[in-house]
Amino acid sequence: MKRCTLALLGGAALLASANLVQGANDEDRRLNAFFQQYLDEEFRQRPLDATRAGDHRFDHLLDDLSPQARAGWVKRYRLTLEALPQRVSYEKLSRDGQIDYEILEHNLKAAIWQNVYTNPYEDDPRIYNDYINDSTFLLLTQSTAPKALNLKNCVERMRQIPKIVAAARQSLKNPPRVYAETAIRQNRGAIAYYESGIFEIAGETPGLSELTAATKPAVAALKEHQQFLEKELLPRATGDWRLGKERFVKKLDFDLNAGISAAQVLLDAEAEAVRVEGDMYVIARQLWATTFPKKPLPPDDAAGRRATIQQVLAAHNREHGRVEDLVSDVRATVARIKTFIKEHDILRLPEPDRCQIMEMPEFQRGNTVAYLNPAPPLDPKAASVYAVSPPPRDWDTRRVQTFMEEYNRSMMQILTIHEGYPGHYVQLEYGNRNPSHIRNVLWSGVFAEGWAVYTEQMMLDQGYGNGDLALRLNQLKFYLRAVVNAILDHQMHAGHMSDEEALKLLTQRAFQSEAEAVGKIIRSKQNPCQLSTYFVGRMAFYRLRQAIEREQGVQFDLGRYHEAVLDHGTLPVKYLPELVRARLTKPR
């Protein structure tokens, strides 16, 4: 999932919304005023973050990424953190206000630590690609501003691309090689985007569009940047991608904000992996006779159980659609899923439905099969985009076949539940309704990913798929990814796991294809701690569901419970038990 982080409302709108927060008092309003002041300055210094949120005041600008400007960001975070308890009394806040205060305080501390201890602008050339691509792509795909203004702002931003690549050249030192290699591939995609893709997305004709004149110098700057990446940066890309145990533990604590230690995450994941493997074997054994008539079941030992699962998965992986039908198949799947959700009262779906299903642009393909880019948190009327990727056009036949088998008909249903309904799209639409802009802007990835993973099993448990065992086996495989990813995350960054050991873990224990596993290893190196959010979040949602259902007994209503869970914004999961229990005392 991609997520916009900051907002399209002026100060008056944000302050007015503070009055809508349940139990808001004068101190709550002071907190919201303080946060708005912080946001205004953040937007002014970080125009791309403003655009990601839907604040269009700065759409014609791009960030100053010089070392001096970045040092100013950290200084401002420190000053804001110091001023928070001086300007707002925690004790006088409502409970909702106290939670918002804690979220803001945690976010500021995390931002300071991230900038001081990880040096992303010196060590990660990929970060500059966000400013190069997203700066115009978001204006053309999600902005609610008039098209003419968006085109004008795209032109202005393209003119500033040379200063972004100059900042990269000035700041980048010796990044990890895997970062540099990815940046090189991404920049090739950026060149193709500005040569042709931008016109397709904007619905403009090359040569006739006002974008044309601005794309030419932008492409020239990016081609020069490509030479820098390949000829200068890559040869000196000798940095270590591994965080090390101390930094991993600290970063994970900041990223999760879930009240669970890194050591406990690893213990829980190891235990859960064993349980899920057992469930997969039970399903695979049930499918064996119909999948392989007259062929004897492998021995019931560790190797035989693994072989049973692998062979049944491989056979059912061949049940996939055609490349050219991938997007239309997803649209049909969405329709079926939405009907099921309504008929079984899983929850009330957002109306109107603003989720647009589209084919992923060519320049974005090759890294993921799908993503959900939701409406900006403070511009909820903007479209959410569920982008689905056919295989890149330059892939050979074998690689395309492997891709389609990995994302077979069953797996695409699970993916659509996760990304769309009732996963990311539905949850973030609910989240955008919450009047607390601190929760919406400083959103929790653990909540978002955890909810999406929780819904995969929940939907099948409630009858989606009519007991299709192949669908259930793929759901378990998809979930096992989340579990094993947490193990991979820890062992790669807090331990000394090699690429060969990681490949064995993913292909043999998690039943991933080799191509999928190789991509996951690269992702693990490049995004430490992110892979743990899926598992930690899912376990939080699953455990809370079990506890509440046990407490309420026959009075438990699943749809009401789900809406109570989603009623509080996309906030750290550690707050859910108290908030959900309080919400369930009130009418649906």
Side-chain angles (χ1 to χ4, degrees), residues 178 181-182 185-186 188-189 276-277 280 283-284 287 291-292 306-330 333 359-371 386-419 456 468-485 488 498-527 531 534:
V178 66
E181 290 171 342
T182 299
R185 290 194 297 272
Q186 289 179 340
R188 289 195 194 106
V276 177
E277 287 166 347
M280 291 183 72
I283 301 298
L287 283 165
T291 306
F292 304 109
R306 183 168 290 110
T308 301
I309 297 169
Q310 287 174 329
Q311 291 179 50
V312 171
L313 280 170
H316 287 276
N317 285 352
R318 291 192 286 270
E319 299 171 6
H320 59 76
R322 300 186 305 168
V323 170
E324 56 268 30
D325 296 333
L326 193 57
V327 177
S328 60
D329 287 348
V330 167
T333 299
E359 182 174 306
M360 193 181 296
E362 180 73 25
F363 76 91
Q364 292 182 328
R365 297 181 194 174
N367 294 318
T368 180
V369 69
Y371 66 72
Y386 176 20
V388 183
S389 172
R393 294 189 180 97
D394 60 353
W395 281 11
D396 60 33
T397 303
R398 179 182 176 277
R399 194 173 182 186
V400 169
Q401 184 64 24
T402 301
F403 176 92
M404 296 303 294
E405 288 178 355
E406 183 71 16
Y407 292 98
N408 54 72
R409 292 191 187 279
S410 293
M411 190 63 83
M412 288 305 297
Q413 292 180 72
I414 302 302
L415 186 65
T416 298
I417 289 171
H418 178 107
E419 297 288 353
E456 299 160 15
D468 182 345
L469 291 179
L471 181 63
R472 174 65 80 176
L473 188 62
N474 273 275
Q475 178 263 311
L476 289 168
K477 174 186 171 180
F478 203 55
Y479 174 48
L480 187 59
R481 283 188 190 182
V483 179
V484 172
N485 284 349
L488 178 73
S498 67
D499 285 12
E500 292 75 19
E501 291 168 331
L503 188 65
K504 182 178 179 181
L505 172 72
L506 296 174
T507 57
Q508 295 188 18
R509 191 169 187 187
F511 307 102
Q512 296 184 24
S513 69
E514 184 173 338
E516 184 77 19
V518 169
K520 190 59 60 65
I521 292 168
I522 293 172
R523 181 177 169 188
S524 174
K525 292 177 179 180
Q526 296 180 342
N527 298 285
L531 288 177
Y534 301 81

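- A heavy-atom distance below 4.5 Å is found between the side chains of Pro390 and Glu359.
- Between the CZ atom of Phe511 and the CG atom of Leu313 there is a distance of 7.0 Å, given to the nearest 0.5 Å.
- A donor-acceptor pair shorter than 3.5 Å can be found between the side chains of Gln401 and His320.
- No side-chain heavy atom of Gln413 sits under 4.5 Å from any side-chain heavy atom of Asn474.
- Here the side chains of Tyr386 and Val330 are in contact, with some heavy-atom distance below 4.5 Å.
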Self-check item: CA sep, side-chain torsions, deciding dist, call: Leu473, His316, side-chain contact (heavy atoms from CB on, under 4.5 Å)
Solution: CA-CA 10 Å; Leu473 188 62; His316 287 276; 5.7 Å; no

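- For Arg185 and Thr182, the side-chain atoms include at least one donor-acceptor pair closer than 3.5 Å.
- Contact check for Asp499 versus Lys525: side-chain heavy atoms found under the 4.5 Å cut-off.
- Taking 4.5 Å as the limit, some side-chain heavy atom of Leu531 sits within range of a side-chain heavy atom of Lys520.
- Other residues, nucleotides and ligands contribute only 12 or fewer heavy atoms inside 6.0 Å of the CD atom of Glu514.
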Practice problem: Step by step, work out the side-chain contact (heavy atoms from CB on, under 4.5 Å) result for Glu419 and Val388. | Solution: CA-CA 10 Å; Glu419 297 288 353; Val388 183; over 6 Å; no

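- Judged purely by atom type and a 3.5 angstrom limit, Asn527 has no side-chain atom pairing as donor or acceptor with the backbone of Ser524.
- Using a 4.0 Å cut-off between charged side-chain N and carboxylate O, Arg523 and Glu516 make no salt bridge.
- Nearest heavy atom pair, residue Ile521 against residue Leu503, reads CD1-N, 3.7 Å.
- Using a 4.5 Å cut-off on side-chain heavy atoms (C-beta onward), Met412 and Thr333 make no contact.
- With values rounded to the nearest 0.5 angstrom, Met404 atom CE is found 8.5 Å from Arg409 atom CZ.
- Residues Ser389 and Phe403 come closest through the heavy atom pair O-CZ, 3.3 Å.
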Quiz item: Does the side-chain contact (heavy atoms from CB on, under 4.5 Å) test come out yes or no for Leu506 and Val518, once each step is laid out?
Solution: CA-CA 9 Å; Leu506 296 174; Val518 169; over 6 Å; no

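- Within the 4.5 Å cutoff, the side chain of Leu480 has heavy atoms near those of the Met280 side chain.
- Between Glu406 and Arg481 a salt bridge is recorded (basic side-chain N to carboxylate O distance below 4.0 Å).
- Nearest heavy atom pair, residue Thr308 against residue Ala284, reads CG2-CB, 3.9 Å.
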Quiz prompt | Trace of the salt bridge (Lys or Arg N to Asp or Glu O under 4.0 Å) decision for Arg322 with Asp325 | solution = CA-CA 5 Å; Arg322 300 186 305 168; Asp325 296 333; 2.7 Å; yes

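- Closest non-hydrogen pair, Asn317 versus Lys477, comes out as ND2-NZ, 4.4 Å.
- Gln475 is listed as a side-chain neighbour of Tyr479, based on a closest heavy-atom distance under 4.5 Å.
- Note: Ile309 CD1 to Leu287 CG = 11.5 Å, rounded to the nearest 0.5 Å.
- Taking CD from Glu456 and OH from Tyr534, the interatomic distance works out to 10.5 Å, rounded to the nearest 0.5 Å.
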